[in-house]
Undergrad: 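This is the structure, below, for whatever I ask next.
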There are 2 protein chains.
Amino acid sequence: MAIEAPKTRRGESSRAVILQAALDLFQERGYEATTMRAIAERAGVSLGGSYHYFPSKEHLVLEFYRHTHELHSAAIAPLLLREKDLAARLRGTMRAVIVTCEPFHAVAGSIFSTVANPSSPLNPFGAAAKPLRDEVVALYADVVRGSDARIPADVADMLPLTLWLYQMGILYFWIFDRSPGRLRTLEVIDETTDLIVRLIGLANLPVLRGSRKRVLGLMRSIVEGQIA
Amino acid sequence: MAIEAPKTRRGESSRAVILQAALDLFQERGYEATTMRAIAERAGVSLGGSYHYFPSKEHLVLEFYRHTHELHSAAIAPLLLREKDLAARLRGTMRAVIVTCEPFHAVAGSIFSTVANPSSPLNPFGAAAKPLRDEVVALYADVVRGSDARIPADVADMLPLTLWLYQMGILYFWIFDRSPGRLRTLEVIDETTDLIVRLIGLANLPVLRGSRKRVLGLMRSIVEGQIA
DNA sequence: ATTTGAACTTGAACATGTTCAACTCAGAGC
DNA sequence: GCTCTGAGTTGAACATGTTCAAGTTCAAAT
């Protein structure tokens with residue numbers, strides 16, 4: 001089920017040309033309106049050609065996702081070097097997600113549905129998605145680690161994974177967002193990142209300490225059981 | 001796009017027989033493995049027949065959801081009459097969701113992914129799903145209203161919708177749960193319902209009041225924009 | 001009794017994702 | 001130079017959701 005790697009120079013070129021055609025067409029027409037026949041035609045290969053490199057149409061979308069992750073990662077690198085305030089780092093990172101994904105807003109619904117599909121081997125909690133998931137979680141670990149915020153160790157442990165989940169929530173919201181310039185999503189990001197940082201600050205309050213231990217324990221047990 | 005209501009007795013019977021065939025087959029084979037041809041054959045109508053009553057295969061799934069909702073609703077009615085403690089009401093309600101849906105566990109993944117697809121007309125935030133969504137939210141309003149918990153008015157306003165969302169989260173977890181008797185999901189339910197009730201109790205703490213206002217304001221604005 | 005028309009039914013036709021057996025071709029081994 | 005192997009390629013065939021023009025039924029209107 002893994003994406004097949006080409007073994008010759010000819011194969012490399014075919015794979016690249018098919019992927020490019022697919023990405024272009026997805027952007028031009030959206031996922032559903034792009035047929036495998038159209039991809040084959042634009043790539044100059046025959047209908048069955050794509051299936052030598054990509055097990056399904058959805059796998060082409062996954063490559064799309066990997067691509068945006070790389071764009072996003074590059075986009076926030078300067079910010080992560082410069083900024084030390086956690087709220088600012090997180091806000092900048094989330095805003096960059098939206099900005100990076102904006103050209104693909106029309107396609108995003110299909111990407112998300114692929115990713116959310118529990119019976120798909122591609123779903124984000126499964127083994128096949130682990131490499132990409134680890135990369136994204138590592139990015140959020142970097143967001144947290146590079147800040148000057150003082151965070152209790154148990155909270156810091158769970159935070160990257162929690163932020164990865166938070167990012168998926170924001171993306172799901174963004175998909176539905178029809179406001180001009182996705183202003184609504186940006187507002188929600190500003191508000192929620194601020195709230196998250198504030199909540200982390202409150203985590204040491206004596207009244208909350210009991211709940212905090214329980215929440216973290218619960219999350220740990222969920223992670224161990226489901227994501228591993 | 002609405003589901004067509006039959007206008008004659010003959011039509012009523014056709015619609016019922018098609019729906020029953022679909023529900024049976026979904027349970028037996030899952031959503032994807034059930035073809036429209038198989039539904040037509042079992043219902044004793046021709047291929048195109050379903051489309052007179054249901055605009056698409058997905059709309060048949062919506063009826064499936066309605067069906068389980070009615071089972072669930074009936075199952076918890078006695079509890080909601082008897083029990084006054086909010087934590088117990090919520091815990092019982094959530095446990096009943098799992099018990100009610102258990103026969104469909106094998107099928108739930110493919111159905112969930114279909115419904116979670118943002119571009120599907122059936123996705124839970126869309127217009128087509130509004131009647132059913134309203135019913136489920138009303139059920140959670142009942143869970144809250146019938147309890148003896150003292151809940152701030154602004155929190156109580158948002159609580160039913162929040163619990164509806166929470167239920168979807170639990171169901172998503174449950175889909176992945178492979179533990180015997182779904183014990184893990186039941187544990188998570190016990191833990192989270194308790195946490196939710198505790199959090200509501202904490203909502204009046206002065207340190208949390210500011211965040212509470214902001215969280216509720218945010219949720220209100222999201223609901224207005226997306227769900228309406 | 002006949003006519004009418006809306007509701008209902010039919011199944012061939014269509015679009016599209018996917019499969020696969022047959023074919024092409026470049027390069028490694030001799 | 002020849003052969004052989006396996007990667008790469010092809011396109012017809014298949015499965016399945018959906019459409020729709022044509023046909024059928026039946027109860028109310030005439």
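Below, chains carry the letters A, B, ... as their sequence lines are ordered, and counting in each starts from 1.
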Undergrad: Does a side-chain N or O from A:Thr8 land closer than 4.0 Å to OP1 or OP2 of D:dG8, or not?
TA: yes

Undergrad: With sugar-phosphate meaning primed atoms plus P, OP1 and OP2, does B:Gly49 contact a base, only sugar-phosphate, or nothing at under 4.0 Å between heavy atoms?
TA: base

Undergrad: A:Arg10: which residues meet the side-chain contact (heavy atoms from CB on, under 4.5 Å) condition with it, sequence neighbours left out?
TA: A:Thr8

Undergrad: What one-letter contact string describes nucleotides 15-20 of chain D from 5' to 3', where B marks a base within less than 4.0 Å of any protein heavy atom, S marks contact via sugar-phosphate atoms alone, and - marks no contact?
TA: -BBBB-

Undergrad: Among all residues two or more places apart in sequence or in another chain, which pass the side-chain contact (heavy atoms from CB on, under 4.5 Å) test with A:Asp190?
TA: A:Arg91, A:Arg95

Undergrad: For residues A:Tyr31 and A:Phe64, establish whether the separation of their ring centroids is below 6.0 Å.
TA: no

Undergrad: Can you tell me if the side-chain N/O atoms of A:Tyr53 get under 4.0 Å from OP1 or OP2 in D:dT9?
TA: yes

Undergrad: Got a sec, which residues hit ring-ring contact (aromatic ring centres under 6.0 Å, His included) with B:His105, two or more places apart in sequence or on another chain?
TA: B:Trp174

Undergrad: Report each atom pair, protein N/O against N/O of nucleotides 25-27 of chain D, whose distance is under 3.5 angstrom.
TA:
none

Undergrad: Please report the distance, rounded to the nearest Å, between CZ in A:Arg9 and C1' in C:dC25.
TA: 15 Å

Undergrad: How would you list, by chain and number, every residue that makes a salt bridge (charged side-chain N to carboxylate O under 4.0 Å, His left out) with B:Glu28, sequence neighbours excluded?
TA: B:Arg42

Undergrad: Considering residues at least two apart in sequence or located in another chain, which fulfil the side-chain contact (heavy atoms from CB on, under 4.5 Å) criterion with B:Ser179?
TA: B:Asp177, B:Leu183, B:Arg184

Undergrad: Give the rounded distance in Å between these two atoms: CD of A:Glu12 and P of C:dA26.
TA: 17 Å

Undergrad: Compile the donor-acceptor pairs under 3.5 Å between side chains in residues 121-128 of chain B and protein atoms, sequence neighbours left out, one pair per line.
TA:
unit_1, atom_1, unit_2, atom_2, d
B:Asn123, OD1, B:Phe125, N, 2.8
B:Asn123, ND2, B:Pro118, O, 3.4

Undergrad: So, using side-chain contact (heavy atoms from CB on, under 4.5 Å) as the criterion, who are the partners of A:Gln20 when residues are at least two apart?
TA: A:Asp24

Undergrad: Is B:His52 close enough to C:dT9 that one of its side-chain N or O atoms is under 4.0 Å from OP1 or OP2 there?
TA: no

